[in-house]
Amino acid sequence: MSQKPSIPKGTRDFSPIEMARRNYIFDVIKKSFKKYGFQQIETPAMENLSTLVGTGGEESDKLIFKILNSGDYLAKVDKNAFSTQNSSIITHQISEKALHYDLTVPFARYVVQNQNDITFPFRRFQIQPVWRADRPQKGRYREFYQCDADIIGSDSLLNEVDLIKMIDDVFTELFQGKLNYSISINNRKVLSGIAEAVGEKNKLTDITVAIDKLDKIGVDKVLDELKEKNLSTESIQSLKPLFELQGNSTEKIMFLAGFLSCSEIGKKGIEELEFVFETLQKLGLKTAKVIFDPTLARGLGYYTGTIIEVKVENFPSITGGGRYDDLTGTFGLKNVSGVGISFGADRIYDVLLDNNLYPEFKGDSTQVLFTNQSSADESRFLPMLFALRDVGINAEIYTEQAKWQKQMIFADKKGVKYIVSANEKGETFMKSNDSTEKIPFKTINELISFITK
RNA sequence: GUGGUUGUAGCUCAGCUGGUUAGAGCACUAGAUUGUGGUUCUAGGGGUCGUCGGUUCGAACCCGAUCUUCCACCCCA
């Protein structure tokens, strides 16, 4: 052992069985995307750093993996900037590219660049890895796949309804009705309305960040945090009823409608929520439990309307999304609204594994193994091998003339279903993996019908 | 970025309060046996005990730093 090989923190290798499971998840999601009229695109793994920074808020800027410029990257650094040792200034001088942090921002960039060729409303999906310089922990990786579906160029709330129905479809299939999950919905306009209604319009983020922690740290700590952020005692007092909200989603919405009656933007948010909930109620959902959660905030800076998050017990959110009214605005295309969601394939993988929800995968491995104990075997089996492959059966020959035992162990470990062998007289036999009975056969058609029966 | 945690053979781990050439199981390789299905037996390869530095006559074991693992916070898929 010269040196111990390893991979970067938060990244993973995927074995054959893991890939089979991952592809199963991707296939289910992709099938739904297509069914709802989304078309696939792909964007580069790296973007210009300038298109990525400043779109998702300060927090996400910190988590962007930057790519060092090629060549003598230090030579171009401004000497004054260098001597300040200010990394954020120097960063932009030594790095002009970065790995994308999510798929929504590259998509917005794509839309602006290709606006003349796109017919709006545009439904696109994108399944690619994203990178975040985060600290790995449970369900959190530095390289992971997002499966994004976005509709851009439409204000209609029917899109929100469509996305939630699609979430229902995907998890109904993946969870097979055996696992509870909930789709939490809120609206940024409601959060703005709350800030406005308590007279702290400019403390919106402080309020939402604090509210978001309600179920984690409890009412008292949230109030403490608001005090620290210099909210007036009256404001905090008037926020209090929100923390004690009881009842189902409809009752909560009704309460907030009253609470926000003095705020235009708040009223708009309530209207939007009501539409989404009412429409979903009419259409019905297969397995999803949709709840209005006024404490749902979500950090990404660009959301302006509906926000969505899917949760399973004991896991961080497995799907998230929302509406953004002006994401393309930062790239020069105004007045284009979009809404989208992102399935976190890697977290879904962990959830399915934890709950034993993977179907048995058939046909992923070799179905038929031709044993090889002599060059006579090789010449007699090779034509059969290719004949099987030609009719679509996964088959291989053991390429070494090895001991029978070794070949059987190989077949067993690989999960091969059928074994073909010959004796010294040249008689050929086939058998299935779970029995020791060898059945003689003469023609390739006999073999095929045995395997495909 | 903050706090905690982990690191001994390819894998899972043992190694008592620091004391001679660091062990086991599995895996791997070769041979024998079973005489073409996973048995059994024998032998063998493989570790500068994450890395660097310190304490000590002596360190896998104590101390420091660093990297790594996992977990929590922040934030998020």
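Any value given below was found using the heavy atoms of this structure, including those in side chains, with hydrogens, waters and symmetry copies removed. To find a chain, count down the sequence lines: A is the first, B the second, and so on, and within it residues start at 1.
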Determine the Euclidean distance between corresponding [atom1] atoms of [M] and [N]; express it in Å to zero decimal places.
| N | M | atom1 | answer |
| --- | --- | --- | --- |
| B:C74 | B:C13 | P | 31 Å |
| B:U48 | B:U29 | P | 22 Å |
| B:G18 | B:A30 | C1' | 40 Å |
| B:A14 | B:G23 | C1' | 7 Å |
| B:U34 | B:G46 | P | 32 Å |
| B:C16 | B:U20 | P | 11 Å |
| B:U5 | B:U39 | C1' | 44 Å |
| B:A60 | B:U17 | C1' | 15 Å |

For [X], what residues pass the salt bridge (Lys or Arg N to Asp or Glu O under 4.0 Å) criterion, not counting sequence neighbours?
| X | answer |
| --- | --- |
| A:D325 | none |
| A:K406 | none |
| A:K414 | A:E396 |
| A:D350 | none |

For this session: Identify the nucleotide, in any strand shown, that forms a Watson-Crick or G-U wobble pair with B:C62, with both distances under 3.5 Å; if there is none, say none.
Result: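 Paired with B:C62, as far as the under-3.5 Å criterion goes, is B:G54.
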Without decimals, in angstroms, what is the distance between [X] [atom1] and [N] [atom2]?
| X | N | atom1 | atom2 | answer |
| --- | --- | --- | --- | --- |
| A:M408 | B:G35 | CE | C1' | 15 Å |
| A:R12 | B:A77 | CZ | C1' | 11 Å |
| A:K62 | B:G1 | NZ | C1' | 6 Å |
| A:R347 | B:C75 | CZ | P | 14 Å |
| A:Q407 | B:G35 | CD | P | 18 Å |
| A:D61 | B:G1 | CG | P | 16 Å |

Exercise. For A:E196, what residues pass the side-chain hydrogen bond (donor to acceptor under 3.5 Å, both in side chains) criterion, not counting sequence neighbours?
Worked result: A:S263
Donor-acceptor pairs under 3.5 Å, side chain of residues 306-319 of chain A to any protein atom, not counting sequence neighbours: which ones?
residue : atom : partner : partner atom : Å
A:T306  : OG1  : A:E160  : OE2          : 2.9
A:E309  : OE1  : A:R298  : NH1          : 2.7

Exercise. Which pairs with one or both residues in residues 406-446 of chain A pass ring pair (Phe, Tyr, Trp, His ring centres under 6.0 Å), sequence neighbours excluded?
Worked result: A:Y398-A:F410, A:Y418-A:F450
Exercise. If you measure from the ring centre of A:F144 to the centre of the six-membered ring in the base of B:A77, is it under 5.5 Å, with the planes under 30° apart?
Worked result: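 Answer is yes, a stack.
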Any N/O pairs under 3.5 Å between the protein and nucleotides 27-34 of chain B? List them or say none.
none

Are any non-hydrogen side-chain atoms of [X] and [Y] less than 4.5 angstrom apart?
| X | Y | result |
| --- | --- | --- |
| A:L285 | A:I183 | no |
| A:F370 | A:L382 | no |
| A:P359 | A:Y24 | yes |

For this session: Name the residue closer to the 5' end of RNA chain B, choosing between A:N423 and A:D346 according to the nucleotide with the nearest heavy atom.
Result: A:N423
Seminar exercise, completed: Residues at least two apart in sequence or cross-chain that pass ring pair (Phe, Tyr, Trp, His ring centres under 6.0 Å) with A:F331, listed by chain then number, are none
Exercise. With A:F14, which residues qualify under ring pair (Phe, Tyr, Trp, His ring centres under 6.0 Å), at least two apart?
Worked result: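 Expected list: none.
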Heavy atoms only, 4.0 Å cut-off, all strands: where does [X] land among base, sugar-phosphate and nothing?
| X | value |
| --- | --- |
| A:Y141 | base |
| A:A402 | nothing |
| A:N433 | base |
| A:T208 | nothing |

Exercise. Would A:R142 count as a cation-pi partner of A:F65, with NZ or CZ less than 6.0 Å from the six-membered ring centre and within 45° of the ring normal?
Worked result: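 Because its charged atom misses either the 6.0 Å distance or the 45° angle limit, A:R142 does not stack over A:F65.
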Exercise. Among residues 309-323 of chain A, which residues get a heavy atom nearer than 4.0 Å to RNA chain B?
Worked result: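 Correct list: A:S317, A:I318, A:T319, A:G320.
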Seminar exercise, completed: Its contact letters, B for base, S for sugar-phosphate only and - for none at protein heavy atoms under 4.0 Å, make nucleotides 67-74 of chain B read -SS-SBBB
